[in-house]
Amino acid sequence: MTEERQPVARTSHTEITLDQLGNMQPGLARLMAEISDRYWILYYAAKAGNWKLAALQSSEVEKALRIGNVTRPRYTPHVEAFIKGPLTAINRAIEVRDWDAFERGYNAGVTAANAYHREYDHEEIVWQLPDEPPKHLRLSPE
């Protein structure tokens with residue numbers, strides 16, 4: 001019996017098999033740090049009237065969530081509900097630059113995310129908006 005060789009990626013340091021690459025892909029736990037930061041920036045960008053930055057952050061939140069759908073498909077129903085619910089409401093508010101609608105959608109997103117955490121037995125994870133905007137970005141529009 002001959003052993004079938006997997007495709008290999010070569011780096012300047014090693015070779016990595018396709019299975020190794022697959023195992024390195026981030027699940028939602030790893031993606032949540034990025035999603036959390038972008039959701040935080042999203043809020044304060046919109047509050048400052050930087051709708052372009054808010055739109056960018058919302059788009060990146062969705063992209064990261066969709067990676068999670070691929071790597072952790074069991075969460076797909078809730079991820080899609082979040083995208084089609086609160087994130088869609090946020091995006092509509094961004095398009096028309098409606099702060100009140102934005103804030104309603106945003107808060108609905110926080111509530112939904114924390115409900116999902118509880119549903120998956122992670123009640124210890126309670127996301128909350130930081131009291132201050134991130135200091136590493138200029139949030140005001142040009």
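Here the structure is a predicted model, which is why all the values come from computation and not from measurement.
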So do the side chains of Ser58 and Ile94 get within less than 4.5 Å of each other, counting heavy atoms only? yes
I'd like to know if the side chain of Thr111 reaches the main chain of Asn107, judged simply by a donor and an acceptor atom lying under 3.5 Å from each other, with no hydrogens or angles considered. yes
How long is the span from the CD1 atom in Ile90 to the CD atom in Gln57, to the nearest 0.5 Å? 12.0 Å
Do you know which two heavy atoms are closest between Gly49 and Pro141, and how far apart they sit? O-CG, 3.6 Å
Do Leu53 and Leu56 have side-chain heavy atoms sitting under 4.5 Å apart? yes
Could you pull out all residues at least two apart from Asn50 that satisfy side chain to side chain donor-acceptor pair (under 3.5 Å)? none
Check: Ala55 main-chain N/O paired with Ser59 side-chain donor or acceptor under 3.5 Å: no
For the pair Tyr106 (side chain) and Pro86 (backbone), establish whether a donor and an acceptor sit closer than 3.5 Å, ignoring hydrogens and angles. no
Shortest non-hydrogen contact from Tyr39 toward Gly105: OH-O, 4.3 Å
Result block: side-chain N/O donor-acceptor pairs under 3.5 angstrom for residues 8-15, not counting sequence neighbours:
{"from": "Arg10", "atom 1": "NE", "to": "Glu15", "atom 2": "OE2", "distance (Å)": "3.3"}
{"from": "Thr11", "atom 1": "OG1", "to": "His13", "atom 2": "N", "distance (Å)": "3.0"}
{"from": "Thr11", "atom 1": "OG1", "to": "Thr14", "atom 2": "N", "distance (Å)": "2.9"}
{"from": "Thr11", "atom 1": "OG1", "to": "Thr14", "atom 2": "O", "distance (Å)": "3.2"}

Contacts of Arg66 that satisfy side chain to side chain donor-acceptor pair (under 3.5 Å) - sequence neighbours left out: Glu62, Glu80
Could you check whether Tyr75 and Tyr116 have their ring centres less than 6.0 Å apart? no
Side chain to side chain, Leu65 and Asn69, heavy atoms closer than 4.5 Å: no
Answer yes or no: is there a donor N or O on one side and an acceptor on the other, between the side chain of Thr76 and the main chain of Pro73, under 3.5 Å? yes
Is Trp40 reachable from Ile125 through a run of hydrophobic residues whose side-chain heavy atoms are each under 4.5 Å from the next? no
List for me each residue that meets side chain to side chain contact (heavy atoms under 4.5 Å, CB included) alongside Asn114, sequence neighbours excluded, and say none if there are none. Val110, His117, Arg118, Val126, Trp127
If you define the side chain from C-beta out and look only at heavy atoms, does anything of Arg97 sit under 4.5 Å from Phe102? no
Any side-chain heavy-atom pair of Tyr43 and Lys47 under 4.5 Å: yes
For a quick test of your reading: what N or O donor-acceptor pairs under 3.5 Å do the side chains of residues 130-140 make, sequence neighbours left out?
{"from": "Glu132", "atom 1": "OE1", "to": "Lys135", "atom 2": "NZ", "distance (Å)": "2.9"}

Measuring only between side-chain heavy atoms, which start at C-beta, is Ile35 closer than 4.5 Å to Met32? yes
Would you please name every residue forming a side chain to side chain donor-acceptor pair (under 3.5 Å) with Glu124, sequence neighbours left out? His122
Answer yes or no: is there an ion pair linking Lys63 with Glu60, defined by an N-O contact shorter than 4.0 Å? yes
Taking Gln25's backbone N and O only, do any of them form a donor-acceptor pair with Thr71's side chain (distance below 3.5 Å, no angle check)? no
